[in-house]
Amino acid sequence: MNKAKIMSQLKTPAELEEFRKGILLKRDPNKPCITLCSGSACHATGSGEVAVSIEEELEKQGLSAEVDIRRTGCHGFCERGPIIVIYPEEICYLQITPEDVPEIVSQTIKEKKVIDRLLCTDPSVSEKIIHESEIPFYKHQERLVFGSNGSIDPKSIDDYLAIGGYSALSKSLSEMSAEQVIEEVKKSNLRGRGGGGFPAGSKWEGSRNAPEEIKYVIVNADEGDPGAYMDRALLEGNPHAILEGLTIGAYAIGAHEGYIYVRQEYPLAVENVNIAIMKAEEYGLLGKNILDSGFDFKVIVHQGAGAFVCGESTALMTALEGRVGEPRPKYVRSNIKGLWERPSVLNNVETWANVPLIINKGAEWFAQIGTEGSKGTKIFSLVGKINNTGLVEVPMGMTLHDIIYKIGGGIPGGKKFKAVQTGGPSGGCLPEEHLGLQVGFDELTKAGSMMGSGGMIILDEDTCMVDVARYFIAFLTDESCGKCVPCREGLRQMLKILTNITEGKGKEGDIELLEVLSETAMEASLCALGKSAPNPFLSTLRYFRDEYEAHIKEKRCPALYCKELVAYYIDPGKCKACGICAKKCPAEAIDGAKKMIHIIDQEKCTKCGTCFEVCPTKFGALTKISGEPVPPPVPEEERIIIRKSKKK
Amino acid sequence: MEIDKIDRIIDKHQSESSSLIQILLDIQSENHWLPKEALERVGEKLQVPSSRIQHIATFYKAFSLVPKGRHEVHICVGTACHVRGATQVLDIVQDLTGIKPGETDLDLKFSLETVNCLGCCALGPVMEIDGKTHGKMAPAKTAEVLKNYE
């Protein structure tokens, strides 16, 4: 870490450049540096302990002064965390435990030897992979926004300056007029990454031209989609990029106050962004007369108290005002009348993080990446039934197939792909025949789903599509603010019907009734939550109607998922009477003894699935049955297992 | 919760009524729930009617109007965890503790909540107890983990 104290604030663009040069001069690119992913996911797998043992081990081996340690934000490859990358060689080790550390220090740091067993293996590559950038998960990505996460300590502003940070702000303030900044963003055709896909430049222009004196810029970091965490990773891992983008936006529209609305469930993001603001103020990159431009700007962090609907722009602004976050009608757009009735530009975290790139590299450069209607890259949260869970950034226009198989490594356990769910609770499910689809705002909408904020949940053959629809409608019923009747009451009724279907109580006409309720909610709700709430149902019905019909007509769950429609059964031919299932069964529903085939008492069984989990795979005696009666138990006299004698 | 503690939080936010949510969040994080006296004090100091405070305290998920148990169990029911079997994990926790999400048992041992995505999707299904993450949960494993809490 750079120890140089900043004596006075950076007053001019020239001083900023001078200071940056100073930082770079002090840094020796050949000095070994261990970077350790300390994002929330790696933290959960123990990167905190690894960090402590690295420090201790370096101390012990007398290397503390010769090796830098950098605790970075999320690298994205959460499946194999904790991740460390050792520079300058870029040696990448995965799934590190504190026990591995002494060897890493003595072998790799001291002797420059690569430790084979800690390297990445991938089924698509025959040899072990040494460098992070060659791992298939990373190789096929284009990490323009997210890539810096791996090389900076989010708590250090000097790290951000060392990679060229705040040069876009300096350029905007000293070389460009506000109109020119807006023109550049408009030309880049940057569209909102939060879900709406509204062109950012037009939004900004509207606010700039609004007559009011006081205006605001806001970062929407109320990432509520269950299963999506890219905004959190950006805010945790590279908060200055968002601050820089926000400040440029404020300059462009003429705002002097900005807000960051972030979920209180993201404590590390809140901490890092607060540190970033403090540091930027200290350096003079926020505050009065930034870099001698005459432009003043301050940023305030506001924590969200947990309400999905607050991700909606008008609800978020109401929450910022200290009230209950209910959306309001948008007769006048919030960029004209928003927070406290004043022009307010609200963009998502990722949108703001794209702005410095556009200013630095130009709109033409940005616009050449992507498709006709969707420019640049998009970060997706690739999760669910996928081998490489993680955050991936790809150019718009990459096919779903490439994302899932080339980057994601396909479906685990040899299971069959069933669908990909995109766009969060308001999005939809796309089946296998759509895997050739190129990701983009318009492309996904056309196929019946949507981009949303970038959640991408992979579903396999074990996932019940009716249950997926029920799950999202349940989520939205819970999160509906209750203002509009079609959303509040309609969703509740939809949930009731869908729950009935998954419990085997579905009846003829249910599907049609659900369709009517969907139409009403879409037509008559005020905000996007209600308007798009039926999407999970409509898209699953469109592509998986047969599953709905199997549940209703045959009382069968084809995916063997819905508890009420499934029975657990021990195959008498496979049971070896090991007794594990009977021992673990919390309902004491399994009858058996030594050398006796075990039987589940269907009356007592609570269908918790414990027996299915613990039955040794080599036996595989536990099966699930749906849509047909459970075979009668084997007669007592046939339950004795005669083990084959080992002697022949 | 002592009055001066509450006052200190209110003062930190300059007694502004637009900071109401932030003040309640601070009280919640310090005290783990919002006692009636605390809400009354906030209303008095900020000159905000208690109807508005109640509206906010019941609308947002972060707030609890009842005391919490010694151990806070959070079951992630985000989409990724859901498709990997979070429902089974939730069921077994409900069976073993006898409480439903949002409830606390009579011995004040466990409080159970469901949460929407903890951002550790690679570890799903995830259960978090007192801030410690337990990943790749399954029914039998969940029962083992719960046994360790007194």
Side-chain angles (χ1 to χ4, degrees), chain A residues 39-41 43-45 78-81 223-229 232-233 264-266 302-308 310 319-326 381 383-385 389-390 421 424-425 455 457-460 462-463 468 471-472 475 479 481 563 584 586-587 606 608-610 613-614, chain B residues 13 16-26 28-29 46 48 52 55-63 74 76-89 91-92 95-96 114-124 126 128 131-135 138-144:
Chain A
S40 281
H43 192 75
T45 44
C78 307
E79 184 73 40
R80 307 275 186 94
E223 187 172 48
D225 281 13
Y229 56 105
R232 163 162 115 179
Q264 59 97 28
E265 292 98 321
Y266 287 179
H302 185 105
Q303 294 190 50
F308 177 69
C310 285
L320 275 180
E321 293 168 6
R323 292 182 286 139
V324 158
E326 286 175 0
S381 158
V383 299
K385 305 287 187 73
T389 293
Q421 203 279 345
I457 292 112
I458 311 303
L459 312 174
D460 71 0
D462 292 341
T463 316
V468 167
Y471 165 79
F472 283 117
F475 175 84
E479 295 290 351
C481 78
K563 202 168 152 183
K584 293 276 180 184
T606 57
C608 67
T610 300
E613 174 200 343
V614 297
Chain B
H13 293 277
E16 282 206 34
S17 67
S18 65
S19 301
L20 179 53
I21 298 172
Q22 305 304 302
I23 291 170
L24 295 182
L25 274 175
D26 282 357
Q28 169 79 36
S29 87
L46 300 190
V48 176
R52 191 176 143 200
H55 196 183
I56 287 173
T58 51
F59 181 86
Y60 292 103
K61 292 227 156 55
F63 303 123
H74 293 166
C76 180
V77 291
T79 320
C81 284
H82 177 78
V83 302
R84 289 180 175 202
T87 314
Q88 289 183 324
V89 176
D91 282 351
I92 202 101
D95 284 352
L96 292 173
T114 57
V115 291
N116 294 314
C117 200
L118 292 166
C120 314
C121 305
L123 296 174
V126 173
E128 195 187 76
K132 181 165 170 38
T133 313
H134 301 271
K141 202 172 158 191
T142 308
E144 291 295 320

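Numbers restart at 1 for each chain; the letters A, B, ... are given by sequence-line order, proteins then strands.
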Trainee: Walk me through whether B:K61 and A:E265 qualify under salt bridge (Lys or Arg N to Asp or Glu O under 4.0 Å).
Mentor: CA-CA 10 Å; B:K61 292 227 156 55; A:E265 292 98 321; over 6 Å; no
Trainee: Under 4.5 Å, counting heavy-atom pairs only, tell me which of A:G455, A:A319, A:G390, A:P586 racks up the most with chain B.
Mentor: A:A319
Trainee: Under a 3.5 Å distance rule, please check whether B:Q22 uses its side chain to pair with a backbone N or O of A:Q303 as donor and acceptor.
Mentor: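 Yes, B:Q22 side chain to A:Q303 backbone: donor-acceptor pair under 3.5 Å.
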Trainee: So which of A:S381, A:G325, A:A44 has the biggest tally of heavy-atom pairs under 4.5 Å with chain B?
Mentor: A:G325
Trainee: Are any of the side-chain heavy atoms of A:R323 and B:L20 separated by less than 4.5 Å?
Mentor: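 Result no, sub-4.5 Å side-chain heavy-atom pair not found.
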Trainee: Sort A:T463 into side chain, backbone, both or neither according to what part of it lies under 4.5 angstrom from a heavy atom of chain B.
Mentor: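 Only the side chain of A:T463 comes within 4.5 Å of chain B.
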Trainee: Should B:C120 and A:Y229 count as side-chain neighbours, where that means a heavy-atom distance under 4.5 Å?
Mentor: no
Trainee: Which one wins on heavy-atom pair count under 4.5 Å against chain A: B:T142, B:I56, B:I92?
Mentor: B:I56
Trainee: In terms of heavy-atom proximity below 4.5 Å to chain A, should B:K132 be classed as side chain, backbone, both, or neither?
Mentor: neither
Trainee: Heavy-atom pairs under 4.5 Å with chain B are the metric here; pick the option from A:G306, A:A305, A:G322 that has the most.
Mentor: A:A305
Trainee: Looking at B:Q28, B:H55, B:E16, B:H134, which one has more heavy-atom pairs under 4.5 Å with chain A than the rest?
Mentor: B:H55
Trainee: Using only atom types and a distance under 3.5 Å, with no angle test, would you say the side chain of A:Y471 pairs donor to acceptor with the backbone of B:V77?
Mentor: yes
Trainee: Carefully, step by step, assess B:D91 and A:K563 under the rule side chain to side chain contact (heavy atoms under 4.5 Å, CB included).
Mentor: CA-CA 11 Å; B:D91 282 351; A:K563 202 168 152 183; 2.9 Å; yes
Trainee: Report the residues that fulfil ring-ring contact (aromatic ring centres under 6.0 Å, His included) with A:F472, sequence neighbours left out, ordered by chain and then residue number.
Mentor: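 ring-ring contact (aromatic ring centres under 6.0 Å, His included) check on A:F472 returns nothing, list empty.
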Trainee: Which residue out of A:C78, A:A41, A:A307, A:C608 racks up the most heavy-atom pairs below 4.5 Å with chain B?
Mentor: A:C608
Trainee: Quick one: does any side-chain atom of A:Y266 pair with a main-chain N or O of B:L118 as donor and acceptor, under 3.5 Å?
Mentor: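 No, the answer is negative, given that no donor and acceptor are paired below the 3.5 Å cut-off.
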Trainee: Let me know if A:H302 has heavy atoms under 4.5 Å from chain B in its side chain, its backbone, both or neither.
Mentor: both
Trainee: Taking the side chain as every heavy atom from C-beta outward, state whether A:E321 and B:S18 have any atom pair closer than 4.5 Å.
Mentor: no
Trainee: Checking heavy atoms, do the side chain of A:F475, its backbone, both or neither come under 4.5 Å from chain B?
Mentor: side chain
Trainee: Under 4.5 Å, counting heavy-atom pairs only, tell me which of B:A140, B:G124, B:A143, B:C81 racks up the most with chain A.
Mentor: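 Most heavy-atom pairs under 4.5 Å with chain A: B:A140.
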Trainee: Within a strict 4.5 Å, meaning less than it, do heavy atoms of the B:T79 and A:V383 side chains meet?
Mentor: no
Trainee: Relative to chain B, which segment of A:A228 carries a heavy atom at a distance below 4.5 Å: side chain, backbone, both, or neither?
Mentor: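 The answer is the backbone of A:A228.
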Trainee: Is it the case that the side chain of B:Q88 and the backbone of A:G609 share a donor-acceptor pair, with hydrogens and angles ignored and the cut-off at 3.5 Å?
Mentor: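 Pair absent, no side-chain N/O of B:Q88 close to backbone of A:G609.
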Trainee: Highest number of heavy-atom pairs under 4.5 Å with chain A: which of B:A122, B:S17, B:S29?
Mentor: B:A122
Trainee: Does B:R84 use its side chain to pair, donor to acceptor, with the backbone of A:K385 at less than 3.5 Å?
Mentor: no
Trainee: Given 3.5 Å as the limit, does a donor-acceptor pair link the side chain of B:R52 with the main chain of A:V324, or not?
Mentor: no
Trainee: Assess the residue pair B:N116 and A:E479 against the criterion (side chain to side chain contact (heavy atoms under 4.5 Å, CB included)); give the C-alpha distance rounded to whole Å, side-chain angles, the decisive distance to 0.1 Å, and a yes or no.
Mentor: CA-CA 11 Å; B:N116 294 314; A:E479 295 290 351; 3.6 Å; yes
Trainee: Chain B: which of A:P226, A:S40, A:C310, A:G39 shares the most heavy-atom pairs with it under 4.5 Å?
Mentor: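 Max contact count across the listed options: A:P226.
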Trainee: Taking all heavy atoms of A:G304 and all of B:L25, pick out the closest pair and write down the distance.
Mentor: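 For A:G304 versus B:L25, the nearest heavy atoms are O-CD1, 4.2 Å.
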